[in-house]
Amino acid sequence: MASVINPVASSIKTPRSISSLYLSNSKVSPSYVQLKTRSLVSNATRLAFSPLPESKEPPVKLGFSGEPLRFSGWSQQIRRRSAVHFPVSTAAAADAEGHHIEFTDGNAKTSKSFGDKFPVLVTGFFFFMWYFLNVIFNILNKKVYNYFPYPYFVSVVHLLVGVVYCLISWGFGLPKRAPINKELLALLTPVAFCHALGHVMSNVSFAAVAVSFTHTIKALEPFFNASASQFILGHQIPLSLWLSLAPVVIGVSMASLTELSFNWTGFISAMISNIAFTYRSIYSKKAMTGMDSTNVYAYISIIALLFCIPPAVIIEGPKLMQYGFRDAIAKVGLVKFLSDLFWIGMFYHLYNQLATNTLERVAPLTHAVGNVLKRVFVIGFSIVVFGNRISTQTGIGTAIAIAGVAMYSMIKANIEEEKRKAALAST
């Protein structure tokens, strides 16, 4: 028994393997057709279409495929001279894990995505883009300061471009904006204030001294984090972590004593940045809201932007209006000036976002080592691009500081991994 939904507007030729095939004189209804068959062994084998009421609907064309036609219960295939072709259904979908599934002739085939097949390549790409965007940001940021030395205003631009990016992403639902209330706002405001302070002070240091020297000073950030955890939060820091921080302090001290671009504004600003980012980490732990990291970073950027605007207007506003913008445009032109500001803001936002995405893909130890190597890349490229001359003692001190940060990061990551395994074992 079979049913035909629409009438068939095509001629059917009788194959030699069937003795007779005939249609009844009545027209075929599109709603119901009954097929009657007899044994193929008999010469009287025939297909009969029962007469049904006439339909006035226009004929619909029938597509054909290269697959042979089979009817259930028959032991042989029905073939035309060049084979009767009926369409073979094929569909595609994705399963719950994102794997691509193809359905052909009722069978399901599961094919893994590129990321599942080659996870090492994808993770390597994330690391590469993280390093690349960070290096480009630092180089372009320093070049802007060479003809536009206004770090407070540039900090506002960094955050403003990122906020616009987040608002556009929310508009397209990538990601969907998470709701916020007074309680969440109260938790995120201290984090955003420390983020704004640390960001502005980093830019003040970048504008005042060489990029390599600022990153050398910022290598002390783990020392401030450990100190805050021990004396503010009351967490017991293992002796091995404290010992690993000794080379960091010694190396930064050696590099600072003979740094050719040293000045107190750059040094103190970088130290304030370290303290601000340390407190940002403390408040971030207290502000665990359950919101995804992308939305949290977007809200922090918006609030931090509001904190950065007043000091930029008060400290640099009069100079900018009198001659700051005019001098920058006169040196590089309006188009380059605006494009440089836009791209440093975009690179700043994207490299921070890529850093978060990379952290989600790798173990803490891998990310810690990667973060240290990123600082090495930034220092090395800045020296090459800007041709900064450094003394032998500064180079040795920088190397000792970076090595100390690497030891600290690996020891801390191992301790965190042991805690995680112990927690899993207990549950």
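In what follows, residues are counted from 1 in the order of the sequence shown.
Between the side chain of N414 and the main chain of M410, a donor-acceptor pair closer than 3.5 Å is present. No donor-acceptor pair under 3.5 Å is formed between the side chain of N138 and the backbone N or O of V378. For S212 (side chain) and S382 (main-chain N/O), no donor-acceptor pair under 3.5 Å exists by modelled atom type. Side-chain atoms of S205 do not come within 3.5 Å of backbone N or O of M201 as any donor-acceptor pair. A side-chain donor-acceptor contact under 3.5 Å links Q230 to the backbone of I237. Put simply, the side chain of S273 never gets that close to the backbone of S269: no donor and acceptor are under 3.5 Å apart.
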Compile the donor-acceptor pairs under 3.5 Å between side chains in residues 317-330 and protein atoms, sequence neighbours left out, one pair per line.
none

**OP:** Determine, stepwise, if the pair Y147 / D340 fulfils side-chain hydrogen bond (donor to acceptor under 3.5 Å, both in side chains).
**Re:** CA-CA 11 Å; Y147 68 85; D340 284 349; 2.7 Å; yes

Original post:
I415 and L241: side-chain contact (heavy atoms from CB on, under 4.5 Å), yes or no, with the steps?
Top reply: CA-CA 10 Å; I415 292 175; L241 277 180; 4.1 Å; yes

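Ring orientation note: the planes of F262 and F213 are nearly perpendicular, at an angle over 60° on the 30°/60° scale.
With H158 as reference, Y348 is the one residue of Y348, Y152, F153 to meet the ring-ring contact (aromatic ring centres under 6.0 Å, His included) rule. The ring-ring contact (aromatic ring centres under 6.0 Å, His included) test with F137 is passed by exactly one of F347, F381, Y351: Y351. Just one of Y297, W343, F342 meets the ring-ring contact (aromatic ring centres under 6.0 Å, His included) condition when paired with H349; it is Y297.
Sparse packing is recorded around CZ of F132, with 12 or fewer heavy atoms of other residues, nucleotides or ligands lying under 6.0 Å away.
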